Amino acid sequence: MDVAVVNGRIEGYEIKSDRDTLNRLSRQAGMFGLVADRMTLVVGRRHLEKATALVPEWWSILSPESKSDQPLSLHLVRRGRLNPARNKQALAEAMERDELVALLSRHAIDKGLRSAGYATLVQHAVAELSRAQIGEHLKAMLKLRARFASRYGSSAFGRNAIFCSPQTD
């Protein structure tokens with residue numbers, strides 16, 4: 001995902017310029033579809049027709065337009081909708097070990113699992129919790145990562161985070 005916006009939803013943006021290739025787009029669409037609530041493809045005119053066929057119907061598609069006397073604008077090619085098939089396993093696997101322990105603890109289902117391995121924690125979360133419960137916790141953890149990154153550096157705590165307008169205390 002080139003850009004991810006995490007607020008009430010996980011919204012992803014994939015950008016394919018006319019200079020890019022579409023070699024990875026099908027695989028990316030499959031991966032992003034496991035966790036994103038919404039996805040938007042921003043694609044140049046050269047790849048528009050082929051790219052439209054490569055991404056699921058629930059994706060929005062934007063294409064840049066330029067007129068000689070006006071700034072570049074984005075044209076809505078297709079309005080997307082919410083992802084109908086986020087995957088509990090993938091949502092759980094997007095978390096780090098300590099985040100999974102916190103999730104299980106929050107729901108009081110962590111007994112005997114605090115020292116368990118990562119795969120066991122994922123398996124237990126998937127078996128015991130709903131997709132919505134796992135997804136809500138993942139969003140909270142992604143926001144927390146961004147907050148820590150703004151204070152201590154982008155890779156100070158686990159995975160890198162890219163963010164805009166971080167919350168301040």
Side-chain angles (χ1 to χ4, degrees), residues 1-96 99-100 103 118-119 122 125-126 129-150 153-155 157-167:
M1 237 177 265
D2 291 310
V3 177
V5 178
V6 180
N7 205 354
R9 298 185 180 118
I10 298 173
E11 301 204 25
Y13 295 83
E14 181 61 26
I15 302 168
K16 297 294 183 189
S17 76
D18 285 339
R19 294 182 184 156
D20 285 324
T21 70
L22 300 181
N23 295 343
R24 299 180 310 140
L25 185 57
S26 289
R27 188 170 48 90
Q28 289 171 316
M31 289 185 321
F32 303 155
L34 296 174
V35 296
D37 293 298
R38 286 186 171 274
M39 282 297 301
T40 299
L41 174 66
V42 180
V43 61
R45 287 279 173 206
R46 177 175 164 234
H47 295 307
L48 181 59
E49 188 175 329
K50 185 175 180 183
T52 299
L54 292 173
V55 297
E57 287 291 320
W58 60 269
W59 282 46
S60 293
I61 299 176
L62 301 173
S63 187
E65 290 183 345
S66 66
K67 297 178 181 165
S68 60
D69 60 337
Q70 295 182 3
L72 185 71
S73 63
L74 292 174
H75 169 71
L76 179 64
V77 175
R78 180 172 80 197
R79 183 175 307 280
R81 59 187 191 280
L82 287 175
N83 179 358
R86 289 184 314 145
N87 180 280
K88 279 199 313 183
Q89 178 92 19
L91 290 165
E93 289 175 349
M95 287 183 249
E96 299 203 8
E99 295 167 338
L100 285 165
L103 170 65
Y118 182 81
V122 168
V126 169
L129 299 170
S130 71
R131 181 175 68 184
Q133 289 170 313
I134 296 171
E136 287 303 314
H137 191 74
L138 174 61
K139 285 184 276 192
M141 293 301 97
L142 292 173
K143 290 178 189 179
L144 185 60
R145 288 181 199 171
R147 192 172 312 139
F148 281 152
S150 72
S154 65
S155 61
F157 296 90
R159 298 182 179 136
N160 292 337
I162 299 173
F163 53 91
C164 299
S165 302
Q167 291 179 320

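Not measured: the values here are computed from a predicted model. For this chain, numbers begin at 1 and follow the sequence in order.
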*What residues, two or more places apart in sequence or in another chain, satisfy side chain to side chain donor-acceptor pair (under 3.5 Å) together with D37?*
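Per chain and number, D37 pairs via side chain to side chain donor-acceptor pair (under 3.5 Å) with R86.
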Partner set under side chain to side chain donor-acceptor pair (under 3.5 Å) for S130, not counting sequence neighbours: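 Only Q133 meet the side chain to side chain donor-acceptor pair (under 3.5 Å) criterion with S130.
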N87 side, atom CG; I134 side, atom CD1 - distance, nearest 0.5 Å: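 It comes to 9.0 Å.
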Spacing of F32 atom CZ and L25 atom CG [to the nearest 0.5 Å] =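 Result: 8.5 Å between the selected atoms.
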Heavy-atom side-chain contact between [X] and [Y] under 4.5 Å:
X: L103; Y: M141; value: no
X: Q28; Y: K16; value: yes
X: N83; Y: W58; value: yes
X: L62; Y: L76; value: yes

Check each of I61, L41, V42 against V77 using the side-chain contact (heavy atoms from CB on, under 4.5 Å) test, and report the only one that passes.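 Passing option: I61.
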(Q) If you apply the rule side chain to side chain contact (heavy atoms under 4.5 Å, CB included), what do you find for Q89 with V122, and how did you get there? (A) CA-CA 7 Å; Q89 178 92 19; V122 168; 3.6 Å; yes
Exam field: side chain [X] to backbone [Y], donor-acceptor pair closer than 3.5 Å:
X: K139; Y: G8; answer: yes
X: H137; Y: A92; answer: no
X: H47; Y: L22; answer: no
X: S60; Y: G80; answer: yes
X: N7; Y: R9; answer: no
X: S63; Y: V43; answer: yes

With a 6.0 Å cut-off (strictly less than), is the heavy-atom count around CD of E49, excluding the residue itself, greater than 12?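 It does not: E49 CD has 12 such atoms or fewer within range.
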How close do [X] and [Y] get, counting heavy atoms only, and between which atoms?
X: L91; Y: L34; result: CG-O, 4.3 Å
X: Y13; Y: M39; result: N-CE, 4.1 Å
X: E99; Y: M95; result: OE1-CA, 3.3 Å

Filter on salt bridge (charged side-chain N to carboxylate O under 4.0 Å, His left out), then keep only pairs touching residues 57-67, sequence neighbours left out; what's left?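 Matches after skipping sequence neighbours: R45-E65, E57-R78.
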